[in-house]
**Q** 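So that we are looking at the same thing, I have put the structure below in structure tokens.
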Amino acid sequence: MDWSILLDKTILIVIIFVISLAIAAYSTYGERKVAAFLQDRIGPDRAGPFGLLQPLADGLKFFLKEEIIPTASDKFLFIIGPCIFMMTALMTSAIIPWGMPLHFGSHVFSLQVADLNVGILYLLAVVSIGGYGIMIGGWSSNNKFALLGALRASSQMISYELSMGMAIIALLLLSQSLSIREIVDMQQGFHWNVFYQPVGFLIFLICAFAECNRAPFDLPESESELVGGYHTEYSSMKLGLFLFAEYINMFISSAIISCLFFGGYHFPGIDSLGLSPNWAAIVSIIVLFAKIFFFIFFFMWVRWTVPRFRYDQLMRLGWKILIPLSILNVLATGAWLTFFK
Amino acid sequence: MQLTNRSKVINKKKLNWVESLYLPAIFSGMIITIKHFFKKAATTRYPEEKRYIAPVYRGVHVLKRNDKGQENCTACGLCAVSCPAEAITIVAAERQKGEEHLYKKEKYAAMYEINMLRCIFCGICEEACPEDSIYLTDRILPSNYQRNNFIYGKDLLVEGIKPEERIDIGVRKKHYEMNEKPRV
């Protein structure tokens, strides 16, 4: 019996790993296409039909590039930086329930790698380790720009993790559970958390942008002022890992936003279709991925609309607006639950 | 004086509470960008598609031949004299016996060079030419790595004898007919 669980989980992990990488690769293509369309252009269309082979060409280019490790850098940390960043990016996918369980005869195949009862705490823990990848990478490069980028990244991540945690606390008050699958199942029907926690959702969304280092919070890598920020000294596939992990982060945080606030794999009316359990599971996976893709698009949409914050604005927003707002949100939710329910 | 109606008076009043949230502004910005998402792209896919080039366009020069395949140029030097950038160099030569099929008159240009880095593509050489020889075409000057490759000799300037090697300047001629080419 233990062996079958091990087998199940291994298969699922491999599938999720491959899907994450594929989605990250095609997010780069999607990013360029979305950017192009938003700016009345066409975007990449030379490699393959509609430029669909562009990510492969980019990946191949990364592998063929010369690998440069600066002599003044700390070689061990320099190599381990992108590894940590990539690893944590992939690790967060473990707690996401990708769909309803599949049934093979009497065998139930759960579409979640680990249904941790402290899933959200795990999420916050792993996300904050991800900051170390950037910090170590930027610091070990022994470069002023990289160091500045790393400093910005770490302070930004710390500032925004606080209000992110607060936003989640308000959500936990509602759901009474830390397990993500339970939070998702609670939102069955159309009881999406976004309707009960609109302020919490807004705070979480803004913090997700900041945690992913996406525009308008892309100060750690801001091309125009810091050359490349924390990955200035990186080249070849190590740079590729940094860029790739960023897209995986985006994918995972889209998944988490859809799970926490948009009902995850649930969709109103999914029960009334009268599908067999397996078909319902497949539909639920498609529904979740549709939500994820919408949020990935949303990430890109915002990036090509909003200009970058100035650093003091970023800190002011984080400490003076989002944290008080999220504390108020927690208090208001608590009061509502105590007195009106 | 007001030239367009697009100018706006700067309003430096303090933002009210809703405006200071920035969210309405971000939202309206996102509406604008998503509108552009569905607009037609302004791109011309260059090698496959070519944009419309107006008859007044002045690109790389061509030295024309007449219908019998003889070079029109008689090395009179009017183009070189009229050239404000002094980009044209001509060495004249006399036509020998047996070369009648190559050159229209007794005198021809043994060397005809245009320095494309000096040329300002004004088209005055074309206006000066009495022999219907030099014309500016719709072709675009390609880039190059070496400066000396920008000095175009007769090998690059004179059009071919075969019909498919001829360079069509019909549009340009028509443009001049309609706009009275000032002949010298």
Side-chain angles (χ1 to χ4, degrees), chain A residues 30-51 198-207 209-210 214-217 293-310 312-314 316-318 320-322 324-326 328-329, chain B residues 2-57 59-60 137-146 149 171:
Chain A
E31 172 101 64
R32 292 176 64 183
K33 273 286 184 194
V34 168
F37 274 79
L38 291 177
Q39 297 172 346
D40 296 343
R41 294 186 284 116
I42 294 171
D45 70 335
R46 296 288 142 156
F50 305 107
V199 180
F201 165 67
L202 196 66
I203 295 167
F204 190 86
L205 189 71
I206 294 171
C207 294
F209 275 91
R214 289 285 300 182
F217 301 98
F293 287 140
F294 171 75
F295 277 105
I296 291 178
F297 174 72
F298 186 77
F299 268 84
M300 293 167 181
W301 183 9
V302 169
R303 171 169 175 187
W304 296 102
T305 305
V306 186
R308 187 185 299 139
F309 278 107
R310 217 169 50 210
D312 60 316
Q313 291 172 334
L314 175 94
R316 198 174 71 90
L317 178 69
K320 286 191 176 168
I321 297 172
L322 286 183
L325 191 65
S326 53
L328 271 181
N329 187 38
Chain B
Q2 198 178 18
L3 292 173
T4 62
N5 292 321
R6 283 181 291 179
S7 59
K8 271 182 189 168
V9 180
I10 295 171
N11 187 358
K12 283 194 171 175
K13 81 170 170 58
K14 261 200 140 194
L15 300 179
N16 65 31
W17 186 78
V18 180
E19 281 168 343
S20 67
L21 282 177
Y22 293 116
L23 286 173
I26 289 174
F27 186 72
S28 62
M30 287 175 73
I31 298 284
I32 291 170
T33 44
I34 203 70
K35 270 185 196 156
H36 279 268
F37 194 88
F38 299 105
K39 273 189 188 161
K40 202 176 157 286
T43 313
T44 312
R45 288 181 170 84
Y46 170 60
E48 297 98 56
E49 282 172 37
K50 286 194 177 132
R51 77 178 170 91
Y52 166 74
I53 289 180
V56 289
Y57 186 86
V60 174
T137 60
D138 54 2
R139 295 174 300 170
I140 292 157
L141 181 71
S143 54
N144 209 300
Y145 288 104
Q146 251 90 46
N149 290 346
V171 186

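Residue numbers begin at 1 in each chain, while the letters A, B, ... track the order of the sequences. Computed from a predicted model, the values in this text were never measured in an experiment.
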**Q** Heavy-atom cut-off 4.5 Å, strictly under: side chain, backbone, both or neither for B:I32 against chain A?
**A**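 B:I32 has no heavy atom closer than 4.5 Å to chain A.
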**Q** Side chain to side chain contact (heavy atoms under 4.5 Å, CB included) between A:L325 and A:I203: does it pass, once the steps are laid out?
**A** CA-CA 8 Å; A:L325 191 65; A:I203 295 167; 4.1 Å; yes
**Q** Would you please classify the geometry between the A:F209 ring and the A:F217 ring as parallel, tilted or perpendicular, with 30° and 60° separating the classes?
**A**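 Answer is tilted, since the angle falls between 30° and 60°.
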**Q** Under a 4.5 Å heavy-atom cut-off, does chain A meet the side chain of B:K35, its backbone, both or neither?
**A**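 No part of B:K35 comes within 4.5 Å of chain A.
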**Q** Between A:F309 and B:Y22, is the ring centre distance below 6.0 Å?
**A**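 So the answer is no for these two rings.
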**Q** Tell me the closest heavy-atom pair linking A:L317 and A:I206, and the distance in Å.
**A**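 It is CD2-CG2, 4.4 Å.
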**Q** Top residue by heavy-atom pair count (under 4.5 Å) with chain A, among B:M30, B:K39, B:K40, B:H36?
**A**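 Most heavy-atom pairs within the cutoff with chain A belong to B:M30.
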**Q** A:V34, A:D40, A:T305: which one forms the most heavy-atom pairs within less than 4.5 Å of chain B?
**A**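 Of the options given, most contacts go to A:D40.
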